[in-house]
Amino acid sequence: MKATTSDIEKAAEVLRAGGLVALPTETVYGLGANAEDPAAVSRIFQVKGRPPTHPLIVHIGGAEHLDEWVEEVPATARLLAEHFWPGPLTLVLRRGRRVPLEATGGLETVAVRVPDHPVALALLAAFGGGVTAPSANRFGSVSPTTAHHVRAELGEGVDFVLDGGPCEVGVESTIVDATGEVPTILRPGGVTREDLEAVLGRPVAVPATSHVRVPGQHPSHYAPRARVVLVEPEKVVAEAEQAQELGHRVGVLLPAALAGASVKTHVVETVPDSMADYARGLYGLLRELDQRGCDLIVASLPAEEGLGLAIANRLRRAAGPRPS
């Protein structure tokens, strides 16, 4: 059942009382707390099992509120906010006094964005403040794109869940370091590098590492229970069938170019040819392969352009080294 006006008012009251609310955004569902309440923010880390040094994103109701949350807004940051907010773009700027260090992982920078979802925006308006909201799942696991995913994973750890339907973008926001003169992408996401370059009129780098800590940088992130193995597209079928013969219950994310190919494994899912559709469905596919009992997932990386860059980033993190 979709969130009603009374649901949104109740959620705002939960936030004011120091509780946690799961809210829909266009990217994924977030686990929200009053951004100015250190105790509520700390509870997010406890519920998710998230390291306290891992920063959160502060969601605000509009670009006009940005100056209330950061120390200064460089011209480049304001330009990006004007073009992409509301939307799946997060800006990293110098922390303002309203933001407690609990929300920034102890950093003097803060990540801020305006979500592009009517329920999220209605909640922010009803609440009248900022909401810290990382993805509403256990730390490192697959992000939720439906209210059902949130309830199944976090259960009673969430005080109230707002149902806004399936997320339209399906992967997290693009995070841009806007603290200096030259912006850089710290996490690829729903706003593409090409979109940013078109607005800025210059190339935008995507460094492999950064001195600025942001969400999604853990070596293993966005990961299903099954182990993820990445191979070249032309090797997906052979790799998957060999693993199945060795006793694994293999799930395959089959490239669209191989649609219809016969693959002798436990589960075969052909990924969409459209990168927007693939991004929207990626986390759902990973969850489904877990639910169908796969212990190994074989996939390939899409071309790293447009939303393919964000999908490739998520698959690499999902295939990263697991905690020992």
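- No more than 12 heavy atoms of other residues, nucleotides or ligands sit less than 6.0 Å from atom CG of Asp273.
- In terms of heavy atoms, Ala318 sits closest to Tyr222 at CB-O, 3.5 Å.
- Taking each heavy atom of Pro144 and Ser135 in turn, the nearest pair found is CD-CB, 4.1 Å.
- Inter-residue side-chain proximity for Asp295 and Arg227 is flagged as unmet; no heavy-atom pair is nearer than 4.5 Å.
- Val58 and Val73 fall within a single hydrophobic cluster, where Ile, Leu, Val, Met, Phe, Trp and Tyr side chains are chained together by heavy-atom contacts under 4.5 Å.
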Stepwise salt bridge (Lys or Arg N to Asp or Glu O under 4.0 Å) check, Glu13 with Lys10 = CA-CA 5 Å; Glu13 288 300 322; Lys10 183 176 179 179; over 6 Å; no
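- Contact detail for Gly130 and Trp69: the closest heavy-atom pair is N-CZ2, 3.3 Å.
- Checking side-chain atoms of Lys2 against main-chain N and O of Gly165 turns up no donor-acceptor pair under 3.5 Å.
- Using a 4.5 Å heavy-atom cutoff, the side chains of Thr76 and Glu181 are not in contact.
- Using modelled atom types, no side-chain atom of Arg151 and backbone atom of Gly155 make a donor-acceptor pair closer than 3.5 Å.
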request  = Would you please test Asp37 and Arg43 for salt bridge (Lys or Arg N to Asp or Glu O under 4.0 Å) and show each step?
outcome  = CA-CA 10 Å; Asp37 183 341; Arg43 190 174 158 216; over 6 Å; no
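- Checking side-chain atoms of Glu269 against main-chain N and O of Val252 turns up no donor-acceptor pair under 3.5 Å.
- For the pair Glu36 and Val41, the minimum side-chain heavy-atom distance is 4.5 Å or more.
- Gly190 and Val169 get closest at one heavy-atom pair: CA-CG1, 4.0 Å.
- Looking at heavy atoms from C-beta onward, Thr104 lies out of side-chain contact with Leu56 at the 4.5 angstrom threshold.
- Separation of atoms CG (Leu91) and CG (Leu80) is listed at 6.0 Å; rounding is to 0.5 Å.
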query = Between Leu296 and Arg249, is a side-chain contact (heavy atoms from CB on, under 4.5 Å) present by the stated rule, with each step listed?
reply = CA-CA 6 Å; Leu296 184 71; Arg249 291 170 66 85; over 6 Å; no
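- Residue Arg314 comes nearest to Ser173 through the heavy atom pair NH2-O, 4.2 Å, listed as atom of the first residue, atom of the second, then distance.
- Note that CD1 of Ile8 and OG1 of Thr5 are 5.5 Å apart. Values are rounded to the nearest 0.5 Å.
- Ile311 and Pro302 get closest at one heavy-atom pair: CG2-CG, 3.8 Å.
- Under the 3.5 Å distance criterion, the side-chain polar atoms of Arg50 are matched with a main-chain donor or acceptor of Pro55.
- Between Leu186 and Val176, every side-chain heavy-atom pair lies at or beyond the 4.5 Å cut-off.
- For the pair Leu107 and Arg95, the minimum side-chain heavy-atom distance is 4.5 Å or more.
- Cluster annotation: Leu258 is connected to Val250 through the hydrophobic network of ILVMFWY side chains, with a link wherever side-chain heavy atoms come within less than 4.5 Å.
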query = Between Leu66 and Val114, is a side-chain contact (heavy atoms from CB on, under 4.5 Å) present by the stated rule, with each step listed?
reply = CA-CA 9 Å; Leu66 181 57; Val114 179; over 6 Å; no
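- Looking at Arg280 and Asp277, a side-chain N of the basic residue comes within less than 4.0 Å of a carboxylate O on the acidic one, giving a salt bridge.
- With contacts defined as side-chain heavy-atom distances shorter than 4.5 Å, the pair Arg16/Phe127 qualifies.
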request  = Begin from the C-alpha positions of Leu154 and Asn137 and carry the test side-chain contact (heavy atoms from CB on, under 4.5 Å) through to its verdict.
outcome  = CA-CA 6 Å; Leu154 296 183; Asn137 57 282; 5.6 Å; no
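- With a 4.5 Å cut-off on side-chain heavy atoms, Val70 and Val110 count as touching.
- Put simply, CD on Glu153 and OG on Ser143 are 9.0 Å apart, with the number rounded to the nearest 0.5 Å.
- Judged by distance alone, with hydrogens and angles left aside, the side-chain atoms of Asp290 form no donor-acceptor pair with the main-chain N or O of Arg287 at under 3.5 Å.
- In this structure, Arg98 places its CZ atom where more than 12 heavy-atom neighbours from other residues, nucleotides or ligands lie under 6.0 Å away.
- A salt bridge between Arg202 and Glu197 is absent, with no side-chain N of the basic residue lying under 4.0 Å from a carboxylate O of the acidic one.
- To the nearest 0.5 Å, the span separating NE2 on His83 from CG on Leu200 amounts to 8.5 Å.
- Salt-bridge check for Arg78 with Glu72: failed, with every basic side-chain N at 4.0 Å or more from each acidic carboxylate O.
- Under the 4.5 Å side-chain heavy-atom criterion for Ile, Leu, Val, Met, Phe, Trp and Tyr, Val263 and Val271 are members of distinct hydrophobic clusters.
- There is a side-chain donor-acceptor pair under 3.5 Å between Glu172 and Tyr283.
- Expressed to the nearest 0.5 Å, how far CG of Leu89 lies from CG of Asp195 amounts to 10.0 Å.
- Between the His248 side chain and the Gln244 main chain, no donor and acceptor come within less than 3.5 Å of each other.
- Note on Leu254: it does not cluster hydrophobically with Leu315, by side-chain heavy-atom contacts below 4.5 Å among ILVMFWY residues.
- The CD1 atom of Ile44 sits 3.5 Å away from the OG1 atom of Thr132 when rounded to the nearest 0.5 Å.
- Between Glu241 and Lys264 no salt bridge is recorded (no basic side-chain N to carboxylate O distance below 4.0 Å).
- The residues Glu71 and Arg97 are annotated as not salt-bridged, no charged nitrogen and carboxylate oxygen being separated by less than 4.0 angstrom.
- Surrounding NE2 of His65 are more than 12 heavy atoms belonging to other residues, nucleotides or ligands, all under 6.0 Å away.
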task = Mind running side-chain contact (heavy atoms from CB on, under 4.5 Å) on Thr192 and Leu307 for me, showing each step along the way?
result = CA-CA 6 Å; Thr192 69; Leu307 280 173; 4.2 Å; yes
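- In summary, Arg113 and Glu26 engage in a salt bridge, as defined by a charged side-chain N under 4.0 Å from a carboxylate O.
- Here the two rings, on Phe139 and His54, have centers that are under 6.0 Å apart.
- No donor-acceptor pair closer than 3.5 Å links the side chain of Arg193 to the backbone N or O of Leu309.
- Val228 and Val231 end up in different hydrophobic clusters when Ile, Leu, Val, Met, Phe, Trp and Tyr side chains are linked at under 4.5 Å.
- Ionic pairing of Asp177 and Arg187 is not present here: no N-O contact between side-chain nitrogen and carboxylate oxygen is shorter than 4.0 angstrom.
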